[in-house]
Amino acid sequence: MCLIMLDMLMERGISLEKAISIVQLEKKTLSLELIHLDNAYGRILANPLNSKVNDPRFDNSAMDGWAVRKEDCSEGNETILQIVGISQAGNSESIRVGPGEACKIMTGAPIPIGADAIVMIEDSRPDNENVIILGPARRTYIRKKGENISQDEQVLSKGHYMDAASISLAATMGHETIEVFCKPVVGIISTGNELAMPGSEIKESQIYESNSFGIAALVEGIGGKPIRYETVTDSVEELRNSLDRATENCDLIITSGGVSMGDFDIVRKLMELEGEVAFWRIKMRPGGPPLFGKWKKTPIFGLPGNPVSSHLVFSMLVFPWFTASFGTHKNSKLTLGKKVRVKMLNDVKGAPGKLCLRRIKITNDTEGLIATTHTHQGSGNIHSMVAHNGFTLLPPDTDANIGDIIDAFWSN
Ligand code: AMP
Ligand code: MG
């Protein structure tokens with residue numbers, strides 16, 4: 001860790017890639033818990049999930065119509081078949097369809113013995129005990145047993161993010177409960193003498209504290225459990241006490257503010273004196289001065305106080321800590337967005353020696369993805385994160401001009 005620190009001081013920050021690899025080494029081994037499907041949204045599977053059943057469980061009809069023998073129906077001609085019964089979803093009685101016979105059938109109902117095709121109800125006309133078949137009899141209207149999933153097949157893998165469809169799938173496979181990773185508990189501490197809580201009376205020299213709320217939402221969105229601690233002033237003692245409290249309860253600590261070069265940047269000061277610093281500063285703008293290390297036994301991110309910086313550093317650097325801890329696959333649905341190529345419709349300036357993340361609005365055009373900038377780009381302007389839906393990934397020392405196609409991150 002000390003070597004990296006030296007390296008970083010000499011380079012005035014390390015690359016984002018290097019920072020991510022360091023962060024991921026400090027991933028947390030999370031315990032498991034068994035939860036009901038009702039509570040599964042947004043959780044991460046801790047073990048693969050196999051199906052308890054075939055899906056479909058039995059051959060059944062994809063249409064409301066008639067179960068028939070295909071050879072009895074000649075396409076293009078009307079056929080008269082005798083009705084022998086009705087197959088309803090949930091029926092367990094076995095019905096037999098013989099030559100010249102048809103059984104009325106509902107979507108999802110079992111296919112009667114002897115039938116091998118379905119005629120849609122719209123392609124028929126009832127005639128007392130008979131039905132007159134007017135349209136085609138199709139074998140493809142039968143959903144075959146196990147054609148989606150076979151019994152015992154491993155369908156979801158460890159690290160899978162449980163979105164709505166995955167929850168339905170787990171239920172389809174017969175699981176009432178699933179084993180997931182316990183949510184990592186993340187303590188969030190904002191620092192700064194100028195901070196007042198939203199809703200409280202505010203003095204002329206104060207601003208509303210916003211970072212802890214946004215960071216808590218980010219933590220929650222990726223399957224963590226945020227604890228927002230009380231804001232601390234720019235006092236080393238207060239910060240030390242708060243960090244000590246957080247380290248008792250949390251798997252990860254995130255601080256906001258106090259990591260730059262200012263006289264009152266106490267997170268950096270305290271970490272350098274009493275903590276363990278793995279790196280400080282990355283070659284990225286905005287979001288240059290983050291710090292990562294350990295306070296006592298707990299990994300800690302010191303995020304910059306500027307609201308845009310803290311959000312962007314979370315996306316680029318803190319998120320990889322979560323994916324490493326969850327063992328998330330590259331193609332997982334647990335993402336904060338995706339890397340895309342966009343065509344710029346206006347010029348954007350890059351940054352000397354740093355990866356540059358300018359907020360952009362990405363839209364889908366007939367030609368592909370296009371991007372524009374709207375609001376003021378300052379790292380203090382959190383509105384720029386709401387007015388835009390992505391950001392550039394401009395390599396160091398690279399500007400983008402109108403018409404250039406560049407890498408970007410689309411947080412749609
Ligand atoms: P710092 O990183 O502490 O030097 O703060 C950089 C800028 O971000 C300053 O303008 C601070 O007032 C602002 N800031 C720091 N912490 C927060 C916070 N929790 N919420 C909103 N703004 C903040
Ligand atoms: Mg500060």
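Worth knowing before you read on, the calculation uses all heavy atoms, side chains too, and leaves out hydrogens, waters and symmetry mates. Since we're looking at a predicted model, the values are computed, not measured. Just follow the structure's listing: the first ligand is 1, and inside any ligand the first atom is 1.
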- Message: Classify the ring geometry of F391 against F409: parallel below 30°, tilted from 30° to 60°, perpendicular beyond 60°.
- Response: parallel

- Evaluate whether atom CD of E230 has more than 12 neighbouring non-hydrogen atoms of other residues, nucleotides or ligands under 6.0 angstrom away. no

- For atom 3 (O) of ligand 1, which protein heavy atom lies nearest, and how many Å away is it? G258 N, 2.9 Å

- Query: Does G262 have a non-hydrogen atom less than 4.0 Å from ligand 1?
  - Reply: no

- When you measure from atom 17 (C) of ligand 1 to every protein heavy atom, which one gives the shortest distance, and what is it? N211 ND2, 3.4 Å

- Message: Using a 4.0 Å cut-off to any heavy atom of S190, which atoms of ligand 1 qualify?
- Response: 19 (N)

- Query: Taking heavy atoms and a distance under 4.0 Å, where does T231 meet ligand 1: side chain, backbone, both or neither?
  - Reply: neither

- Query: When you measure from atom 7 (C) of ligand 1 to every protein heavy atom, which one gives the shortest distance, and what is it?
  - Reply: N306 OD1, 3.3 Å

- atom 13 (C) of ligand 1 [closest protein heavy-atom partner, distance rounded to 0.1 Å]: G305 O, 3.8 Å

- Task: Go through T107 and D64 one step at a time and tell me if the side-chain hydrogen bond (donor to acceptor under 3.5 Å, both in side chains) criterion holds.
- Result: CA-CA 5 Å; T107 305; D64 292 324; 3.1 Å; yes

- Test item: N381 side-chain N/O and H383 main-chain N/O as donor-acceptor pair under 3.5 Å: yes

- Contacts of E147 meeting salt bridge (charged side-chain N to carboxylate O under 4.0 Å, His left out) (sequence neighbours excluded), chain-then-number -> none

- Message: Would V259 count as a polar contact of ligand 1, with the cut-off being nitrogen or oxygen pairs under 3.5 Å?
- Response: no

- Does a sphere of radius 6.0 Å around CZ in F264 hold more than 12 heavy atoms from other residues, nucleotides or ligands, not counting ones at 6.0 Å or beyond? no

- Residue-ligand contact S212/ligand 1, heavy atom below 4.0 Å: no

Would you be so kind as to tabulate the donor-acceptor pairs closer than 3.5 Å made by side chains of residues 170-186, with sequence neighbours excluded?
{"unit_1": "T172", "atom_1": "OG1", "unit_2": "S168", "atom_2": "O", "d": "2.8"}
{"unit_1": "H175", "atom_1": "NE2", "unit_2": "N50", "atom_2": "O", "d": "2.6"}
{"unit_1": "E179", "atom_1": "OE1", "unit_2": "N47", "atom_2": "ND2", "d": "2.8"}

- Which atom pair, heavy atoms only, marks the closest approach of K343 to E367? NZ-OE1, 2.9 Å

- Quick one: look up the protein heavy atom nearest atom 9 (C) of ligand 1 and list residue, atom name and how far away it is. E194 OE2, 4.1 Å

- Query: Quick one: does S256 get within less than 4.0 Å of ligand 1, heavy atoms only?
  - Reply: yes

- Query: Do the charged groups of R69 and D72 touch, with an N to O distance under 4.0 Å?
  - Reply: yes

- atom 22 (N) of ligand 1: which protein heavy atom is closest, and how many Å away? I207 CD1, 3.5 Å

- Item | Heavy-atom nearest neighbour in the protein, as seen from atom 19 (N) of ligand 1, with distance rounded to 0.1 Å | E209 OE2, 2.8 Å

- Item | Per-atom contacts of ligand 1 with D265, taking only distances under 4.0 Å to non-hydrogen atoms | 4 (O)

- Item | Minimum heavy-atom distance between V342 and A408, given as atom pair plus value | CG2-CB, 3.8 Å

- Of all protein heavy atoms, the one nearest atom 20 (N) of ligand 1 is S210 N, 3.0 Å

